[in-house]
Amino acid sequence: MRELFRKLGYAPISGYGFAIADASRTTGGPVQHSPKFLYHDLIYGYQDDEIIGYGSSALSHFRRFNLQNISTRKAHVRELLVNRELPHAAFGPFNAPERGIVSFPFRGELEKERIAWNAIPKETAAALKDAIDADLITDQGSTYALTEAGWLFYVNLMYLLDAVDRKEVD
């Protein structure tokens, strides 16, 4: 599928998004970083990103808090119109300094300066090192970037880098 899109003049911009390929693109990386689909960049972004989601099932991220709206449209509208409440199914504290690392394979690039390196779980740091040693991720100075091989396994990399999920499975 990916090769078909490339032949048609498209390039990947995220885990499952494509855009018309930028002819002036000089990097040979697997992901084109322009144009951006800002919603995906925020949802799969860094801990300090904020977004307010409207509608049923929408996700919102505030600094240190998450909010997930009620999943059914009927219940969502009822809460808004009848009860005059912001309909949400989950709301709570959220402290995940590793969030940008865990989700960066979806975007293909990680800005190092946006990570609180002293606060990330040691399992995430070890998994990042393992992925670099396996040539799935490359260190480009101020950023980390996926290699072509890393791009093929971006979903698995997201799981590997998520220390919380690994602790629950072990």
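All values below come from the heavy atoms of this structure, side chains included, with hydrogens, waters and symmetry mates left out.
No single ILVMFWY cluster, assembled from side-chain heavy atoms under 4.5 Å apart, contains both Val82 and Val77. Hydrophobic clustering places Leu110 together with Val155 (ILVMFWY residues linked when any side-chain heavy atoms are closer than 4.5 Å, directly or through intermediates). No continuous path of hydrophobic side-chain contacts links Leu152 to Phe5 [ILVMFWY only; heavy atoms under 4.5 Å]. No continuous path of ILVMFWY side-chain contacts below 4.5 Å connects Phe106 to Phe153, so the two sit in separate hydrophobic clusters.
Checked by atom type, the side-chain pair Ser103/Arg107 shows a donor-acceptor distance below 3.5 Å.
Atom-to-atom distance recorded for Leu4:CG and Tyr10:OH is 10.5 Å, nearest 0.5 angstrom. Taken to the nearest 0.5 Å, the OG atom of Ser142 stands 7.5 Å off from the CD atom of Glu113.
A tilted orientation is assigned to the rings of Tyr144 and Phe104, their planes being inclined by 30° to 60°.
Side chain of Thr124 to main chain of Glu98: no donor-acceptor pair is present (N/O by atom type, distance under 3.5 Å, no hydrogens or angles). Judged purely by atom type and a 3.5 angstrom limit, Lys112 uses its side chain to pair as donor or acceptor with the backbone of Gly141. Of the possible polar contacts, one joining the Thr147 side chain to the Asp135 backbone as a donor-acceptor pair under 3.5 Å is found.
Looking at heavy atoms from C-beta onward, Ile101 lies in side-chain contact with Ile115 at the 4.5 angstrom threshold. Side-chain contact between Leu80 and His76 is present, with at least one heavy-atom pair separated by less than 4.5 Å. By the 4.5 Å heavy-atom criterion applied to side chains, Ile132 and Ile137 are counted as neighbours.
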Q: Please assess Ile70 against Thr72 for the test side chain to side chain contact (heavy atoms under 4.5 Å, CB included), listing each intermediate value before the final yes or no.
A: CA-CA 6 Å; Ile70 292 173; Thr72 63; 4.1 Å; yes
Q) Which is it for Leu146 and Leu157 under the side chain to side chain contact (heavy atoms under 4.5 Å, CB included) test, yes or no, and what are the steps along the way? A) CA-CA 10 Å; Leu146 290 182; Leu157 276 173; 3.7 Å; yes
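More than 12 non-hydrogen atoms from other residues, nucleotides or ligands lie less than 6.0 angstrom from CZ of Phe18.
Between Ala125 and Ile120, the shortest heavy-atom contact is CB-CD1, 3.9 Å.
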